[in-house]
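Each remark here refers to the structure printed beneath this line.
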Amino acid sequence: MIKEYKTIREIASPLMLVQQVEGVTYDELAEIELPNGETRRCKVLEVDGDTAVVQLFESAAGINLKDSKVRFLGHTLELSVSEDMLGRVFDGMGKPIDGGPEILAEAHRDINGLPMNPAARDYPNEFIQTGVSTIDGLNTLVRGQKLPIFSGSGLPHAALAAQIARQAKVLDDSSNFAVVFAAIGITFEEAEYFVQEFRRTGAIDRTVLFTNLANDPAVERIATPRMALTAAEYLAFEKDMHVLVIMTDITNYAEALREVSAAKKEVPGRRGYPGYLYTDLATMYERAGRRIGKAGSITMIPILTMPEDDKTHPIPDLTGYITEGQIILSRELYRKGIVPPVDVLPSLSRLKDKGVGPGKTREDHSGTMNQLFAAYAKGKEAKELMTILGEAALTDIDKLYAKFADEFEKRYVSQGNEVNRSIEETLDLGWELLSILPTSELKRVKTEHIEKYLPKK
């Protein structure tokens, strides 16, 4: 039986103190009923003896301490899951907001889930094609991987996120592929952009979209990524789908965590973020992966804007520890008009070697990846020398490397947000660019691959 309490003692939005409670547990969902019959949702943050600290999902305006009643519902925040979620748009709390009917739930799942048991993990080693050359060719995404995108404010990470969500597919079994997209703390315009973009291209049919707006409560912002991961776990491990989870923007999530932590008067850690930020992010990120004995998989691309473009800021810093690499967007490339402005040299996919090669992409992938990387690094050095000492100081081979770096940025990195390149097109383009250099410089690719793939001049 659900008990009602009229023992609210104190409200300091978004927190509320309820006394003389019995059998209440951490994270339990509750409702507060106002004198006018309106109800608002909240959840238990802390229990100390017979006192519960409860966090409101909405504002505390209009709550009368004497006449308002609190009911504890006996379960945590849950998401109704079903295959019907595909093609639908939800708010940050899992309610449909696209004008369609309520979801007929096949199950109700606790959104807090659990990180995957390391002993139950299967090793990620299958290629996912995103259609973006800098990712597919040089920082390959592998099924079950966590590969974040580090961006800066004002850089086009939203367009890149939408592009990957539209284009991504698994090459062997593309029909069984789904995207779960969580937009966290974004503006109304951005939310509209994502919805319209997915509808325009038909990608909405295989996408589950959760949108939490910047003016929604901070508590909802903390729930949204967990809602998305709960939907992904259901589709991947119960419906055998390969699910790509894209979350933007993790920085907004961490800010909400800091806001709630400050309201609870917790001792702050680095830059005011709570000391448990690392643990909290890990409980989310570690829900992605492949499970032994399950056909489905969850691959995750969290996107975060680095405050002041600072890679050592706690959010990108801690994310880098938990995930397998990072794709970094460059302001300098964006100023040159290169879209997407992926900074190839500091970007890294730690599992790229596992997802390439015969039967996965192509036999020459590993060699061309290393050769392009090395040639671009050398070309950038040559361009820096040219800036300092002038073109006359460069040798003929240095000039060729400088030319390669320019062409590489113009043709390989800059492909726009509408171009969807297959892995073959990406690899062929790589060979085309390598033909700028003399064959004697191609030391990282096998001779037989040079004879087979290098365009004849």
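Because only heavy atoms are used, hydrogens play no part in the values below, and waters and symmetry mates are left out as well, while side chains stay in.
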Lys/Arg N to Asp/Glu carboxylate O, [X] vs [Y], below 4.0 Å:
X: Arg331; Y: Asp309; result: yes
X: Arg226; Y: Glu233; result: no
X: Glu197; Y: Arg200; result: yes
X: Glu259; Y: Arg221; result: no
X: Asp122; Y: Lys294; result: no
X: Arg143; Y: Glu126; result: yes
X: Asp310; Y: Arg271; result: yes
X: Lys95; Y: Glu102; result: no
X: Arg41; Y: Glu78; result: no
X: Lys410; Y: Glu407; result: yes
X: Arg444; Y: Asp364; result: no
X: Arg411; Y: Glu432; result: yes
X: Glu106; Y: Lys239; result: yes

Review point. Would you say the side-chain atoms of His365 pair up with the backbone N or O of Gly137, donor to acceptor, closer than 3.5 Å?
Key: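 Judged by distance alone, yes, a pair lies under 3.5 Å.
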Check your understanding: Between Tyr273 and His313, does the ring centre distance come in under 6.0 Å?
Key ->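 Between Tyr273 and His313, the centre distance is under 6.0 Å.
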Exercise for review: Kindly assign one of parallel, tilted or perpendicular to the pair Phe194 and Phe181, based on the angle between their ring planes and the thresholds 30° and 60°.
Suggested key: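 Judged by the thresholds at 30° and 60°, the geometry between Phe194 and Phe181 is tilted.
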Review point. When the ring planes of Tyr376 and Phe408 are compared, do they come out parallel, tilted or perpendicular, using 30° and 60° as the limits?
Key: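 Answer is tilted, since the angle falls between 30° and 60°.
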Practice item. Test side chain to side chain contact (heavy atoms under 4.5 Å, CB included) on Val179 and Val208 and set out the steps. Key: CA-CA 6 Å; Val179 175; Val208 185; over 6 Å; no
